[in-house]
There are 2 protein chains.
Amino acid sequence: MKKTETRIQKKNQSAIKAAGLKVFSQFGFRGSTLDQIATEAGLSKPNILYYFSSKEAIYEALLAQLLTDWLQPVRDIDPEGEPVEEILNYAKHKMKMSRLYPRESRLYANEIIQGAPRIKSVLTCELRDVVKSLAQLINNWSEAGLIRVIDPYHLIFSIWAMTQHYADFDVQVQAILGEGDHFNDAEQYLEDMLRRMLTV
Amino acid sequence: MKKTETRIQKKNQSAIKAAGLKVFSQFGFRGSTLDQIATEAGLSKPNILYYFSSKEAIYEALLAQLLTDWLQPVRDIDPEGEPVEEILNYAKHKMKMSRLYPRESRLYANEIIQGAPRIKSVLTCELRDVVKSLAQLINNWSEAGLIRVIDPYHLIFSIWAMTQHYADFDVQVQAILGEGDHFNDAEQYLEDMLRRMLTV
DNA sequence: AATTAATTTGACCAACTTGTAAAAAAAAAC
DNA sequence: GTTTTTTTTTACAAGTTGGTCAAATTAATT
């Protein structure tokens with residue numbers, strides 16, 4: 001269908017998305033302007049609207065991409081694997097994403113804080129189902145005596161909260177710990193915490 | 001000096017602050033408009049500017065109040081108290097604040113995610129110092145063998161992350177767990193987690 | 001009741017917002 | 001090299017934004 005995609009199209013579309021990510025993640029949807037995005041992308045405003053039909057279209061393209069990347073690692077957890085290591089790997093993966101893609105994390109945080117007006121349906125469907133599966137798996141592991149009995153949902157929330165915190169609240173972390181990369185220490189702490197929570 | 005404060009002033013100022021909190025916490029500073037705040041407060045826009053010199057003045061009044069309430073519980077931790085209970089009490093207090101004042105939490109989250117442009121100095125001074133003191137206290141407790149040896153900073157971050165998560169990401173929590181109050185379970189989980197992390 | 005002070009409103013700006021449309025410029029296809 | 005398509009720009013429309021100002025209204029004081 002849409003096999004035809006010029007190199008210019010590819011280049012500019014990704015430039016716009018990169019700029020949009022930067023701006024939206026900092027100011028949220030309503031706080032961001034097309035002018036900012038255009039400047040950031042090095043394009044004129046009407047030129048941006050040549051590639052995306054509206055400001056909202058850029059935002060939604062970013063969110064859609066984000067949700068895909070967000071859910072995959074949860075699906076990748078192997079029910080046949082060693083439980084503690086599977087959960088730890090997932091947590092480490094999330095921590096790595098916070099380190100490498102803090103803007104994506106903040107974009108998502110902005111959307112959720114504002115009540116998730118554009119992705120609420122995704123939350124109550126895809127996300128809910130995926131998490132439900134994982135919770136069931138964790139419960140099975142608990143019943144099999146492979147990990148300690150634990151509330152799977154709040155376990156998952158605690159992993160999300162602690163990993164995303166270092167991306168979303170980066171300024172605060174830096175203000176307290178000084179400037180630098182604190183993700184290694186954070187990962188160490190989280191790993192220690194999870195081992196204590198999971199081992200019988 | 002400013003002893004004169006009409007009942008009308010008190011009423012309207014607090015109405016404006018309540019409205020500002022509601023709007024700012026949802027849309028962030030740049031995403032909020034004076035019209036929204038005025039409507040929410042049941043006042044006309046110029047009337048709002050009669051009480052606050054600008055949109056920014058409302059926002060800053062809210063932030064200032066917030067930071068005071070935010071730091072006090074940390075200062076209230078008793079160095080002479082029983083370490084595990086002191087930390088647990090603090091965590092429970094924070095959880096309660098997330099439950100009772102989710103808007104304040106989201107307002108703060110918005111500000112931090114956006115790079116804390118208006119309170120960065122507070123973060124690198126007051127907050128940093130207060131946390132440094134607490135970290136020192138925790139280290140002392142560790143050295144005295146009263147709690148396990150643990151990174152105090154990441155311990156604090158984990159408490160903040162997990163408590164604020166239930167306020168800031170409320171929509172997501174509700175999407176996954178269903179609508180209702182999940183703070184009791186969350187507190188239970190957090191208490192369990194902290195006990196495991198702190199007891200030798 | 002008259003005077004003074006506090007409060008509210010309506011009309012208004014200037015700057016900024018998203019988005020449009022036609023024309024100019026650049027690439028690609030032939 | 002010419003034609004056709006794609007891309008970019010310029011100019012602009014329509015609505016929104018934060019904020020001002022003087023006049024009108026209300027409340028407090030005497």
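What you are looking at is a predicted structure, and each value in this text was computed from that prediction instead of being measured.
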Are the charged groups of [X] and [Y] less than 4.0 angstrom apart, N to O?
{"X": "B/E85", "Y": "B/R195", "answer": "yes"}
{"X": "A/D35", "Y": "A/K55", "answer": "no"}
{"X": "A/D129", "Y": "A/R75", "answer": "no"}

| said: Would you say A/Q9 places a side-chain N or O within less than 4.0 Å of OP1 or OP2 belonging to D/dT6? | reply: no
| query | Should A/R7 be listed as having a side-chain N or O under 4.0 Å from OP1 or OP2 of C/dA27? | reply | no
Pull out every protein N or O sitting under 3.5 Å from an N or O of nucleotides 8-16 of chain D, one pair per line with the distance.
from: D/dT8; atom 1: OP1; to: A/N12; atom 2: ND2; distance (Å): 3.3
from: D/dT8; atom 1: OP2; to: A/N12; atom 2: ND2; distance (Å): 3.0
from: D/dT8; atom 1: OP2; to: A/N47; atom 2: OD1; distance (Å): 3.1
from: D/dT8; atom 1: OP2; to: A/N47; atom 2: ND2; distance (Å): 3.3
from: D/dT8; atom 1: OP2; to: A/Y51; atom 2: OH; distance (Å): 2.7
from: D/dT8; atom 1: O5'; to: A/N47; atom 2: ND2; distance (Å): 3.2
from: D/dT9; atom 1: OP2; to: A/S44; atom 2: OG; distance (Å): 3.3

Please give, in whole Å, the distance from [N] [atom2] to [X] [atom1]?
{"X": "B/L34", "N": "D/dT17", "atom1": "CG", "atom2": "P", "value": "10 Å"}
{"X": "B/K55", "N": "D/dG18", "atom1": "NZ", "atom2": "P", "value": "5 Å"}
{"X": "B/F52", "N": "C/dT7", "atom1": "CZ", "atom2": "C1'", "value": "15 Å"}

| Check: B/Y51 and B/I8 side chains under 4.5 Å, non-hydrogen atoms | yes
| Hey, does A/H165 have a side-chain heavy atom less than 4.5 Å from the side chain of A/W160? | no
| query | What pairs with A/E126 under salt bridge (Lys or Arg N to Asp or Glu O under 4.0 Å), at least two apart in sequence or on another chain? | reply | none
| request: Taking atom types as modelled, find out whether A/Y108 and A/Q164 have a side-chain donor-acceptor pair closer than 3.5 angstrom. | output: no
| Between the two end axes of the helix from C/dA1-D/dT30 to C/dC30-D/dG1, each built from 5 base pairs, what angle do you get to the nearest 10°? |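 That helix has its two terminal axes inclined by roughly 20°.
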| query | Do B/R106's NZ or CZ and the ring of B/Y101 fall within the cation-pi criteria of under 6.0 Å and 45°? | reply |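 No, B/R106 and B/Y101 do not form such a contact.
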| message | Any base atoms under 4.0 Å from B/L49, or only sugar-phosphate, or nothing? Heavy atoms, all strands. | response |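 Counting heavy atoms under 4.0 Å across all strands, the contact made by B/L49 includes a base.
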